[in-house]
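All remarks here apply to the structure that follows.
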Amino acid sequence: MKQRIYLCLAHMSGNEQKFIQEAFDTNWVVPLGPNVNGFEQDLKEYVGENKEIVALSAGTAAVHLALLACGVGPGDEVLVQSFTFCASSHPITYLGATPVFVDSENDTWNMDPVLLEEAIKDRIAKTGKKPKAIVPVYLYGMPAKIDEIMAVAAKYDIPVIEDAAEGLGSRFDGQVCGTFGEYGVLSFNGNKMITTSGGGALICADADAKKEIMFYATQARENYPYYQHERIGYNYRMSNICAGIGRGQMTVLDEHINHHKHTYELYKELLADVEGITLHDNPSERYDSNFWLNTITLSPELRVKGEDMAYEAAVSGAVGGAAGVTHAAESLHTDCEPNRNIEAMRMALDAAGIESRPLWKPMHKQPVYKDAPAYVNGVSEALFKVGLCLPSGPCVTDDDIRYIVEQIKAAIVR
């Protein structure tokens, strides 16, 4: 069997060691330093639009600080895309606020602007006040209908925090995703477009916004000759070592983006004649996805070998891996899960040494958010039942993709 093919793993440029060694040589091994400043400058030049950047310990930290900067606190509500990873919504609860989930539209799989406005009107009617922020997500790198979302946000004067954790390098109408709203969130986790081993960044509107974010990211210390704290702060700054990795990674960012787009084109070519499988695509020329992960949907009528064994045994560990410890599943089923042909395909690919993964389970169907308000239209639940993520990272070769498609075809019942 081939060496295992993973969804998306970091690939080093060869330049990282220079920046890391420089940090050791100059003894800058703390959460500040020349690499942090250099990495922020590199990102600033990349995203453009006269934005400022704060490098942080994680993308989740960036979401948290953006919400804080928007004034989110106990008793507030924040409108957030339901079809996403939990890092988009969990920071809302850190601040004692309530996530209000908004479903997706079919074109991009991202926040539905029409449903967003309906949710705003209804929350004002029910609570007597506006939600404090709107958090759309660029799912799997696909740009949202951000022009329509921004128009709704402007109409009700609600700040937008773009979760572009998966969307570094994606563009809408030629503009970099993460630069439309008040803040934009980036992630440099080990599976993202570029990595700092862990880490993230917040795109800020101007120098004043950056200064305030940095204040909270460095324990909120007041200007005294001793430690004076008048507000709660956080230890969220990126280390100079991790930023050194990021500076090296920036030298291959465009190369990585081009590779992901190339994998999309090859999947499109090789899957074109496979009836019952659809590859998610840019809805129009206005959208320019980085295709961080290529995703497919399987028709419910498509039969896959091993469907009779799907969900017959508990999964050992978390599908897709986990940077930590998972609890044992309490049952074989939940009330919202992928169809049997999706699970059978995942199992077939896994047996062939290929990592694949179901789409994100909608947050409004997560038990931890069972009491949260949700405005749904069925889109994300329907997609979750029929969707699968395929390997797309820099380490995935053309031969790997041909092998993956061969295994997909082999798993289909003729």
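- Counting heavy atoms from C-beta on, the side chains of Lys385 and Ile342 never come closer than 4.5 Å.
- Relative orientation of the His90 and Tyr94 rings is tilted, given thresholds of 30° and 60° on the angle between their planes.
- In this structure, Asn240 contributes its side chain and Asn35 its backbone to a donor-acceptor pair below 3.5 Å.
- With values rounded to the nearest 0.5 angstrom, Cys177 atom SG is found 10.0 Å from Tyr287 atom OH.
- Note: Phe19 and Phe24 fail the aromatic proximity criterion, with ring centroids not under 6.0 Å apart.
- Although no hydrogens or angles enter the test, the distance criterion places a donor-acceptor pair under 3.5 Å between the side chain of Arg340 and the main chain of Glu307.
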Check against side chain to side chain contact (heavy atoms under 4.5 Å, CB included), Met111 and Lys145: CA-CA 8 Å; Met111 183 179 280; Lys145 294 184 176 180; over 6 Å; no
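- His262 and His259 have tilted rings, their planes meeting at an angle from 30° to 60° on a 0 to 90° scale.
- Ring planes of Phe101 and Tyr369: perpendicular class, angle over 60° (limits at 30 and 60°).
- For the 3.5 Å distance criterion, the side chains of Asn15 and Thr251 qualify, holding a donor opposite an acceptor.
- Scored by the salt bridge (charged side-chain N to carboxylate O under 4.0 Å, His left out) test, Asp76 finds Lys129, Lys132 as partners (sequence neighbours excluded).
- The existence of a salt bridge linking Arg357 and Glu355 is confirmed by a sub-4.0 Å separation between a basic side-chain nitrogen and an acidic carboxylate oxygen.
- In this structure the side chain of Leu68 never reaches within 4.5 angstrom of the side chain of Val72, judged on heavy atoms.
- For the residue pair Tyr216/His64, the side-chain donor-acceptor check at 3.5 Å is not satisfied.
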Could you walk me through whether Tyr264 and Asp281 pass the side chain to side chain donor-acceptor pair (under 3.5 Å) check? CA-CA 9 Å; Tyr264 158 75; Asp281 193 3; 2.7 Å; yes
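- Remark: the backbone N or O of Pro113 is not paired with any side-chain donor or acceptor of Glu148 at under 3.5 angstrom.
- A side-chain donor-acceptor contact under 3.5 Å links Asn294 and Thr263.
- For the residue pair Gly141 and Asn290, the shortest heavy atom distance occurs at CA-OD1, 3.1 Å.
- With hydrogens and angles ignored, the 3.5 Å screen pairs no side-chain donor or acceptor of His256 with any backbone N or O of Ala10.
- Of the possible donor and acceptor atoms, none in the side chain of Asp163 sits under 3.5 Å from a partner among the backbone N and O of Tyr138.
- When atom types are taken as modelled, the side chain of His364 and the backbone of Tyr375 share no donor-acceptor pair closer than 3.5 angstrom.
- Judged as a side-chain hydrogen bond (donor to acceptor under 3.5 Å, both in side chains), not a single pair has a partner in residues 194-204 (not counting sequence neighbours).
- The side-chain heavy atoms of Lys130 and Asp157, taken from C-beta on, include a pair separated by under 4.5 Å.
- At most 12 heavy atoms of other shown residues, nucleotides or ligands fall within 6.0 angstrom of atom CD in Glu285.
- In this structure, the side chains of Ile408 and Leu390 come closer than 4.5 Å at one or more pairs of heavy atoms.
- Checked against a 6.0 Å centroid threshold, the rings of Tyr311 and His333 count as neighbours.
- In this structure, the side chains of Leu139 and Phe83 come closer than 4.5 Å at one or more pairs of heavy atoms.
- When atom types are taken as modelled, the side chain of Asp103 and the backbone of Asn377 share a donor-acceptor pair closer than 3.5 angstrom.
- Within the 3.5 Å criterion, the main-chain N or O of Ile5 finds no donor-acceptor partner in the side chain of Asp400.
- Aromatic rings from Phe291 and His260 are positioned such that their centres are separated by 6.0 Å or more.
- For the side-chain contact (heavy atoms from CB on, under 4.5 Å) with Leu65, the lone residue among Thr60, Leu56, Val185 that qualifies is Leu56.
- Side-chain contact between Lys121 and Tyr156 is present, with heavy atoms from C-beta onward closer than 4.5 Å.
- Of the N and O atoms on the side chains of Glu22 and Thr26, not one donor lies less than 3.5 Å from an acceptor on the other residue.
- With hydrogens and angles disregarded, a donor-acceptor distance shorter than 3.5 Å links the side chain of Glu16 to the backbone of Gly14.
- Going from atom OG of Ser82 over to atom NZ of Lys361 covers 11.0 Å, rounded to the nearest 0.5 Å.
- In this structure, Thr84 contributes its side chain and Gln81 its backbone to no donor-acceptor pair below 3.5 Å.
- One distance of note links OG of Ser289 with CZ of Phe172; it measures 13.0 Å at 0.5 Å rounding.
- Considering only heavy atoms from C-beta on, Pro131 stays 4.5 Å or farther from Val78 through its side chain.
- For the pair Pro99 and Met363, the minimum side-chain heavy-atom distance is 4.5 Å or more.
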